[in-house]
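Down below is the structure, laid out as structure tokens.
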Amino acid sequence: MLVYYPSLYSIYLCLLNFSAMSVQLSEQEIIRREALQKLRDLGIDPYPAALFNVNVTSQEILNNYEKRKLDYKNISIAGRVMSKRVMGKASFMELQDSHGRIQVYIARDEICQGEDKTLYNEVFKKLTDIGDFVGVKGYVFTTQVGEISIHASEFTILSKSLKPLPIVKTDADGKIHDAFKDPELRYRQRYVDLVVNEGVKETFVKRTKIMSAMRDFFNSYGYLEVETPILQPIPGGAAARPFLTHHNALDIPLYLRIANELYLKRLIVGGFDGVYEFAKDFRNEGMDRTHNPEFTVMEIYVAYKDYNWMMDFTEKMLEKISIDVNGTTEAQIGNNKVDFAAPYARVPILSAIEKHTGHNLHGKSENEIRDIAQKLGIDVDDSMGKGKLIDEIFGEKCERHYIQPTFITDYPIEMSPLCKKHREDDSLTERFELMVNGKELANAYSELNDPIDQRERFEEQMRLSENGDDEAMFIDQDFLRALEYGMPPTSGMGIGIDRLTMFLTNSSSIQDVLFFPQMRPEKFASHQKKLELTENEKAIFDILKERGRMEIGELKELTGLSGKAWDKGMKGLSAHGLAKVEKTEEGVFVEIVK
RNA sequence: GACUCGGUAGCUCAGCUGGUAGAGCAUAACACUUUUAAUGUUAGGGUCCUGGGUUCGAGCCCCAGCCGGGUCACCA
């Protein structure tokens with residue numbers, strides 16, 4: 001996108017380049033920069049280059065020390081200082097490494113064996129801040145109040161932190177105080193969220209485990225993990241609005257993929273038994289608690305299978321993933337307890353509708369269905385075909401009832417242009433969606449491999465497109481050519497990784513399972529070197545320039561500014577360092593600063 | 001896109017239907033060699049999101065905007 005607008009692009013780079021501008025520092029940031037200089041003055045590099053050997057993690061110590069005390073006589077550990085409690089000649093600090101936190105005991109005469117106590121008195125007590133990375137060597141012991149701790153014999157600064165972290169404290173009852181929970185700050189500064197909020201890392205570790213459990217499952221069947229293009233000349237495989245970009249050398253438009261289905265099927269045409277891809281897809285649509293413009297979908301295609309086989313496969317997969325990740329098939333999702341143990345109920349969509357509305361739609365015409373939808377209180381319009389109407393009815397009246405994993409099967413043909421017709425009813429397709437907690441989790445077909453039927457379905461999509469449906473699919477001629485060479489009967493399945501992660505980590509927002517959810521770019525205060533005065537500031541400055549120094553009331557009078565405008569103007573001028581207010585016995589004077 | 005809630009110190013938040021900006025933690029200084037939300041004493045720290053308006057006077061009221069959350073709509 002940016003290449004279309006070079007001027008915007010340069011403005012954007014300018015915004016990003018905020019570090020070059022002077023930034024106002026808080027008191028605490030200034031103090032930390034001073035500490036940095038003092039360390040250097042003491043001959044200590046606050047950012048040493050050498051590696052620091054670590055031979056244990058906090059978790060290992062806390063788990064194993066009681067059982068194997070002798071193994072922890074000579075340990076070396078590194079991490080961030082998360083709290084400091086100084087008590088004269090001895091102190092405690094909490095050290096946080098990638099696995100957790102452990103308390104460290106630092107006694108002055110232990111880390112300073114000789115006469116020189118600088119390392120303790122200055123470096124540790126005064127120049128070490130919360131957030132600094134430090135290395136500690138020593139042995140593990142248990143304090144009088146029973147906390148497993150490290151007794152430090154050596155203390156090393158590994159990296160100085162210049163920006164104070166939010167302080168989150170947990171009291172004796174486990175109650176969290178001053179939690180860092182402003183969503184904007186948490187998502188924009190995920191690094192801080194990860195450091196100070198317990199449990200955030202765990203969500204992301206689980207996300208990765210979900211993907212590796214899934215990968216293991218597929219690999220155990222011998223299926224091949226592949227990569228297909230993200231930049232596509234025709235965005236196919238789903239109905240959605242794509243992002244558009246441009247390739248300079250080829251001078252062609254390219255789309256960011258909305259799905260990878262058509263490419264994976266080409267690989268089945270090419271002779272692979274099973275292929276799968278964890279794909280970042282991109283859709284240029286609204287954002288909310290469950291939608292991010294880029295998201296991850298796993299799609300898998302297996303030759304010589306149908307959607308019945310895929311249901312068995314999918315439920316086995318989810319059962320395994322749930323156990324691998326959470327140690328149980330049960331998952332708490334909001335107020336619901338969901339059990340991922342196979343097998344799952346299988347309900348044809350028309351039966352689901354009959355059950356929850358009392359209307360049997362089998363063999364009903366489009367108009368009859370439209371009447372029923374209206375009776376059910378659903379907004380309908382003439383552009384909606386049979387498939388869309390059924391989808392609406394299901395979405396409004398049925399979807400929310402399927403809390404436990406349930407395969408909803410046999411969708412109407414109009415909604416599924418890439419799916420094979422049902423073997424028993426050609427108004428339906430061999431498709432299922434897996435519903436969990438009232439939401440769609442996975443979608444699968446017996447893939448359409450009849451090239452002539454596929455061409456007709458695409459042409460039907462084109463007619464929809466001409467009727468104004470801007471999400472109808474494009475015709476992908478190369479994909480049709482591939483099908484004409486022949487694709488074996490194939491079943492394919494796609495599953496939303498973000499949504500699955502939300503379910504298995506009980507997260508209510510997609511932003512909680514994405515490290516960096518999309519946000520409007522942050523504006524950084526830009527204190528340009530070139531001063532630009534506001535109208536108010538100028539009015540005051542122009543008068544003051546003439547006189548140099550004058551009584552404040554008189555100056556205000558002369559400017560003719562309102563109280564607020566005057567106040568803003570004066571504040572602005574002092575902030576720029578152009579004017580100074582001085583209080584003397586004769587009164588209050590404003591002076592221009594040279 | 002609509003509605004709604006919020007934006008005040010580094011962080012978490014108070015702020016009386018308008019009158020000199022507050023607390024806790026954090027920070028600085030002093031004391032303290034097994035503490036643990038360490039403690040005690042003292043001190044400093046503010047573009048009250050931005051811009052207008054009303055007013056003698058606005059963190060507070062009015063208008064416009066920016067950013068975020070929630071709900072709904074659109075959308076798989």
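Every chain is numbered from 1, with letters handed out A, B, ... down the list of sequences.
Comparing B/U35, B/C32, B/G45 by their nearest atom to the side chain of A/E27 picks out B/G45. Listed nucleotides: B/U33, B/U36, B/G68. Nearest to the side chain of A/P183: B/G68. Side chain of A/H177, nearest nucleotide from B/A37, B/G69, B/U34: B/A37. Among the nucleotides B/U71, B/G10, B/U12, the one closest to the side chain of A/Q28 is B/G10. Of the candidate nucleotides B/U12, B/G68, B/C25, B/G68 has the atom lying nearest to any side-chain atom of A/E184. When distances are taken from the side chain of A/K169 to each of B/A26, B/G69, B/C67, the shortest belongs to B/A26.
No contact: A/E94 has no heavy atom under 4.0 Å from any strand. Here A/R108 lies out of heavy-atom contact (under 4.0 Å) with every strand. Looking at heavy-atom distances under 4.0 Å, A/D288 makes contact with a base. Within the nucleic acid shown, A/E147 comes within 4.0 Å of at least one base atom, counting heavy atoms only. At the heavy-atom level, A/K126 lies under 4.0 Å from the strands shown only through sugar-phosphate atoms. A/K163 comes within contact range of no nucleotide atom at all, as no heavy-atom separation falls under 4.0 Å. Residue A/V196 is classed as having no contact, given no heavy-atom separation below 4.0 Å to the nucleic acid. Counting any heavy atom pair closer than 4.0 Å across all strands shown, A/R32 reaches no nucleic acid atom. Contacts of A/Q511 with the nucleic acid, taken as non-hydrogen atoms under 4.0 Å apart, involve only primed sugar atoms and P, OP1 or OP2.
Here, B/G59 and B/A14 have their C1' atoms 12 Å apart, quoted to the whole Å.
When each of A/K181 and A/F295 is assigned the nucleotide of RNA chain B with its nearest heavy atom, A/K181 is the one assigned upstream, toward the 5' end.
Looking at A/Y344 and A/T314, their side chains never bring a donor and an acceptor atom within 3.5 Å of each other. Judged purely by distance below 3.5 Å, without hydrogens or angles, the side chains of A/Q189 and A/D193 never pair a donor atom with an acceptor atom. When only modelled atom types and interatomic distance are considered, A/S161 and A/R32 share a side-chain donor-acceptor pair under 3.5 Å.
Side-chain atoms of A/D182 and base atoms of B/G69 include no donor and acceptor less than 3.5 Å apart. One can find a donor-acceptor pair under 3.5 Å joining the base of B/U33 and the side-chain atoms of A/Y105.
Of the side-chain N and O atoms in A/R85, none sit less than 4.0 angstrom from OP1 or OP2 of B/U35. OP1 or OP2 of B/G68 has at least one side-chain nitrogen or oxygen of A/R188 nearer than 4.0 Å. Between A/R289 and B/U71 there is a side-chain polar atom (N or O) within less than 4.0 angstrom of OP1 or OP2. Taking side-chain N and O atoms only, A/Q103 has no distance below 4.0 Å to OP1 or OP2 of B/U35. For A/K89, no side-chain nitrogen or oxygen approaches OP1 or OP2 of B/A31 to under 4.0 Å.
When Watson-Crick and G-U wobble pairs are counted only if both distances are under 3.5 Å, B/C3 pairs with B/G70. Using the Watson-Crick or G-U wobble rule with both distances under 3.5 Å, B/C16 pairs with nothing in any strand shown. In a base pair of the Watson-Crick type (N1 to N3 plus N6-O4 or O6-N4) or a G-U wobble (N1-O2 and O6-N3), with each distance short of 3.5 Å, B/A9 is matched with no nucleotide. Across all strands shown, B/A28 forms a Watson-Crick or G-U wobble pair, both distances under 3.5 Å, with B/U42. The partner of B/C61 is B/G53, judged by Watson-Crick or G-U wobble contacts that both fall below 3.5 Å.
Ring geometry, A/Y276 versus A/F278: the interplanar angle exceeds 60°, so the pair is classed perpendicular (tilted spans 30 to 60°).
The shortest distance between side-chain heavy atoms of A/N121 and A/R108 falls below 4.5 Å.
Partner of A/L119 under the side-chain contact (heavy atoms from CB on, under 4.5 Å) criterion, out of A/I157, A/L42, A/I106, A/I111: A/I111 alone.
With hydrogens and angles ignored, the 3.5 Å screen pairs no side-chain donor or acceptor of A/E285 with any backbone N or O of A/A240.
Nucleotide B/A37 holds its P atom 7 Å from the CG atom of A/D171, rounded to whole Å.
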